[in-house]
Amino acid sequence: MAEVPEEPTGESREEELVAARRAKADAMRSAGTDPFPHSFENVEPVEAVIAQHEGLNDGDETDSKHRIAGRLAARRGQGGAVFIDMFDRTGRIQLLAQTDHVGEEAFAAIGDLDLGDLIGVDGTAMKTKRGQFSLKVEEIFLLAKALRPPPDKHHGLKDIETRYRRRELDLIASEESRELFLTRAKVISTIRAFLDRDGFVEVETPVLQPLYGGAAARPFTTHHNALDRNFYLRIATELYLKRLIVGGLERVYELGKDFRNEGISPKHNPEFTMLEWYEAYSDYMVIASRLEDLVREVSRAVGYEGEIDFESPWRRETLQSSIHTRCGIDILANRDRDSLAAAMKEKGLEVPETDTWPQLVDELLTKHVEPELQQPTILFDYPVELSPFAKSHRSQEGLVERFEAYAAGMEISNAFSELNDPDEQRRRFEAQRADADAGDDEAQPYDEAFIRALEQGMPPTGGIGIGIDRLVMLLTGSKTIREVVLFPAMREEQ
RNA sequence: GGGCCGUUAGCUCAAUUGGCAGAGCAGGGGACUCUUAAUCCCAAGGUUGUAGGUUCGAUUCCUACACGGCCCA
């Protein structure tokens with residue numbers, strides 16, 4: 001081959017755009033201006049500036065000076081004038097720069113700004129003849145050069161994959177996305193305020209645990225070099241929090257990440273945010289009403305106006321009746337595997353051959369009940385086989401005092417009267433060990449440290465876990481958890 | 001894990017019974033002092049996800065793979 005091929009130009013177009021922007025930054029440096037200055041003090045939120053001038057009439061100009069900062073979103077040149085749209089976290093505002101007012105040199109510099117640049121502005125409040133509130137520019141400062149172009153100014157960023165992988169672009173392009181994550185933050189701060197007000201203590205327990213437990217899930221495993229031992233990333237905070245109840249903290253909560261090494265779906269991210277709280281001298285009924293109060297308060301705080309009714313008392317059913325109503329099958333009258341399987345077949349339902357009795361109950365619940373629970377519903381009283389940490393029911397043999405709360409066809413919460421009898425807890429662990437030996441890889445490992453803590457004496461206690469990502473999904477009408485997690489787990493980008 | 005759908009310019013999208021891949025926005029040059037998806041003129045921008053196959057010719061048809069989405073397990 002005589003010809004030497006040109007250099008590959010795979011990203012040439014984008015690199016050209018970057019080069020043009022970098023050249024502008026370099027030109028500024030040559031002229032003695034830093035395209036990445038250190039600070040810009042005394043900035044007002046755009047929302048506040050707009051709010052101060054609601055009474056202006058079309059064409060009014062004022063002497064009211066304001067300093068704002070944000071990202072340059074759009075520009076409309078008009079000869080000796082230019083209109084610029086910029087936005088900060090609180091809102092979007094139009095700037096009007098006129099060559100007569102700022103001078104030719106500054107006007108030319110404004111012309112060199114690119115969409116996406118971070119700018120600071122000093123200007124005066126005005127309303128255009130067409131009635132658009134604006135800031136009349138005195139001076140514009142480049143606060144940071146954007147070397148890469150932003151997403152389309154009108155269509156935004158539509159590609160779902162890019163929105164998740166490069167969330168910063170999504171946040172730049174989409175006010176809805178920014179609002180969603182501000183709502184998420186509001187949910188979390190409201191929860192903290194609610195629990196703090198009711199005398200709960202926020203605590204932090206280990207994320208790296210010698211033994212995992214508190215939920216039916218497979219863990220992530222990691223290794224500590226100095227100790228030369230393996231740790232698990234927690235799948236729940238439950239067992240440590242109950243040890244704090246033993247210790248006398250009486251009301252504790254933890255809000256943080258749990259990790260479950262399982263499939264990814266619209267309802268599952270491998271790391272997710274969980275709230276757990278435990279309160280001494282109470283039981284699952286007390287917990288249920290506090291859950292209703294909390295969710296109602298949170299929905300009000302974020303201004304929820306969707307289809308789900310968080311104001312009324314939640315529907316309450318037993319697990320048994322919820323299945324009986326929808327499938328015509330009484331799980332407690334069919335207390336063994338073969339009997340329940342026969343009842344399901346009689347109703348024409350599919351029966352997975354290898355499923356155990358608890359798995360069949362879970363199948364009925366997941367497939368036939370859960371999707372029906374659109375309005376907030378609490379299902380009470382679960383079979384003991386499904387609930388190794390819940391206290392036996394005070395009046396019903398074979399059941400435990402446990403409830404799960406559902407809304408929009410999704411489990412959002414799981415709560416118990418906590419099992420505090422150490423000998424009973426030991427028997428439950430032994431049953432789990434038998435399940436594990438039989439091949440159940442979600443069975444609870446035997447936790448001697450937890451048993452020993454219970455032997456110290458734990459007061460009667462109610463406790464709960466709430467999936468915060470799912471709660472945010474409900475409150476924002478999001479169909480997938482990836483919409484409410486800033487950086488959802490993805491396969492490696494190729 | 002299985003099925004279906006998608007992947008084209010920086011962004012948003014077209015197009016082809018298999019025959020030189022097109023727009024808008026953004027970017028470059030120019031005009032314009034009340035625009036707001038501003039407008040107008042000029043020029044430029046592509047390994048059509050990756051690797052193979054069929055074909056005179058593949059972005060289009062076939063196979064595998066990658067990533068994503070939806071549904072099922």
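Source: prediction; values computed, not measured. To find a chain, count down the sequence lines: A is the first, B the second, and so on, and within it residues start at 1.
- Taking a 4.0 Å limit (strictly below) on heavy-atom distances, residues 352-372 of chain A reaches RNA chain B at A:K367.
- Contact annotation: A:R75 side-chain N/O to B:G27 OP1/OP2 distance is under 4.0 Å.
- To the nearest angstrom, P of B:G68 lies 16 Å from CG of A:L157.
- Within the nucleic acid shown, A:G156 comes within 4.0 Å of sugar-phosphate atoms alone, with no base atom in reach, counting heavy atoms only.
- A gap of 44 Å separates the P atoms of B:G30 and B:G68, to the nearest Å.
- Here, B:A26 and B:U36 have their P atoms 13 Å apart, quoted to the whole Å.
- The interatomic distance linking A:K158 (NZ) with B:G10 (P) rounds to 18 Å, in whole Å.
- Per the geometry, CZ belonging to A:R22 stands 18 Å off P belonging to B:G27, to the nearest Å.
- Ion pairing between A:R75 and A:D85 fails under the 4.0 Å rule for side-chain N and carboxylate O.
- Contact check on A:D112 versus A:K24 returns no salt bridge, with no Lys/Arg side-chain nitrogen under 4.0 Å from an Asp/Glu carboxylate oxygen.
- Rounding to whole angstrom units, CG of residue A:D159 and P of B:A9 are separated by 11 Å.
- Toward the 5' end of RNA chain B, the nearer of the two residues A:Q78 and A:E492, judged by each one's closest nucleotide, is A:Q78.
- Residues in residues 346-362 of chain A take part in these side-chain hydrogen bond (donor to acceptor under 3.5 Å, both in side chains) pairs, two or more places apart or across chains: A:T356-A:Q359.
- Under the Watson-Crick or G-U wobble criterion, with both distances below 3.5 Å, B:G46 has no partner in any strand shown.
- Counting only N and O atoms by type, the side chains of A:H66 and A:T124 include no donor and acceptor under 3.5 Å apart.
- Residue-environment remark: CZ (A:R315) exceeds the threshold of 12 foreign heavy atoms within 6.0 Å.
- A salt bridge is defined here as a Lys NZ or Arg NE, NH1 or NH2 lying under 4.0 Å from an Asp or Glu carboxylate O, and A:R184 with A:D469 meets this definition.
- Donor-acceptor pairing under 3.5 Å, judged by distance alone, is absent between the side chain of A:D114 and the base of B:G27.
- Ion pairing of A:K129 with A:D58 is absent here, as no side-chain N (NZ or NE/NH1/NH2) approaches a carboxylate O to less than 4.0 Å.
- For RNA chain B, the residues of residues 79-95 of chain A within the heavy-atom distance limit of 4.0 Å (strictly under) are A:G79, A:G80, A:A81, A:F83, A:Q94, sorted by number.
- Rounded to whole Å, the distance from CG on A:L17 to C1' on B:G10 is 5 Å.
- Nucleotides B:G46 and B:G22, compared at atom P, are 13 Å apart to the nearest Å.
- In this entry the distance linking CD1 of A:I172 with C1' of B:A26 reads 14 Å, nearest Å.
- Of the residues listed (A:F220, A:F259, A:Y212), the one engaging A:Y232 in a ring pair (Phe, Tyr, Trp, His ring centres under 6.0 Å) is A:Y212, and it is the only one.
- B:C61 and B:G53 make up a base pair, with Watson-Crick or G-U wobble contacts both under 3.5 Å.
- Residue contacts shown for A:K24 are limited to sugar-phosphate atoms, with no base heavy atom under 4.0 Å away.
- Distance noted for atom C1' between B:U59 and B:G49: 12 Å (whole Å).
- Nucleotides B:A23 and B:C41 are separated by 13 Å at their P atoms, to the nearest Å.
- Whole-Å rounding puts the A:R76 CZ to B:A38 P distance at 5 Å.
- In this structure a side-chain-to-backbone donor-acceptor pair under 3.5 Å is missing from A:N269 to A:F272.
- Here the side chain of A:H154 is nearest to one of B:A26, B:A38, B:A37, namely B:A37.
- With both pairing distances under 3.5 Å, B:G24 is matched to B:C11 as a Watson-Crick or G-U wobble pair.
- Annotation: cation-pi geometry not satisfied between A:R402 and A:F416 (NZ/CZ under 6.0 angstrom from ring centroid, within 45° of ring axis).
- Pair assignment for B:G6 gives B:C67, based on Watson-Crick or G-U wobble hydrogen-bonding distances that are each under 3.5 Å.
- In this structure, A:T162 reaches neither bases nor backbone, as no heavy-atom distance under 4.0 Å exists between it and the strands shown.
- Nucleotides B:G10 and B:G6, compared at atom P, are 22 Å apart to the nearest Å.
- A residue-by-residue look at A:S134 and A:R21 shows that A:R21 has its nearest nucleotide of RNA chain B further toward the 5' end.
- In this model, a donor atom of one side chain and an acceptor atom of the other lie less than 3.5 Å apart for A:S134 and A:Q94.
- At a threshold of 4.0 angstrom between heavy atoms, the contacts of A:E493 with the nucleic acid are absent.
- Closest contact between the side chain of A:E161 and the listed nucleotides B:G27, B:G10, B:C67 involves B:C67.
- Judged purely by distance below 3.5 Å, without hydrogens or angles, the side chains of A:D381 and A:T318 never pair a donor atom with an acceptor atom.
- Here B:C34 presents its C1' atom at 6 Å from NZ of A:K129, a figure rounded to the nearest Å.
- Taking every side-chain heavy atom of A:L115 into account, B:A26 is the closest of B:A26, B:A38, B:U36.
- Checking B:G69, B:A26, B:C32 against every side-chain atom of A:K153, the shortest atom distance belongs to B:A26.
- Of the charged side-chain nitrogens involved, none lies within less than 4.0 Å of a carboxylate oxygen, so that A:K127 and A:D60 do not count as a salt-bridged pair.
- Summarising the base pairing, B:G18 is matched to no nucleotide, lacking a Watson-Crick or G-U wobble pair whose two defining distances lie under 3.5 Å.
- Spacing of C1' atoms, B:U54 relative to B:U60, comes out at 13 Å, to the nearest Å.
- B:G29 sits 43 Å from B:C56 when the C1' atoms are compared, rounded to a whole Å.
- Nearest nucleotide to the A:R491 side chain, out of B:C67, B:A37, B:G27: B:C67.
- Residue contacts for A:R482: at a heavy-atom cut-off of 4.0 Å it reaches the sugar-phosphate backbone alone, with no base atom in range.
- In this structure, of B:A26, B:G10, B:C11, it is B:G10 that holds the atom nearest to the side chain of A:E14.
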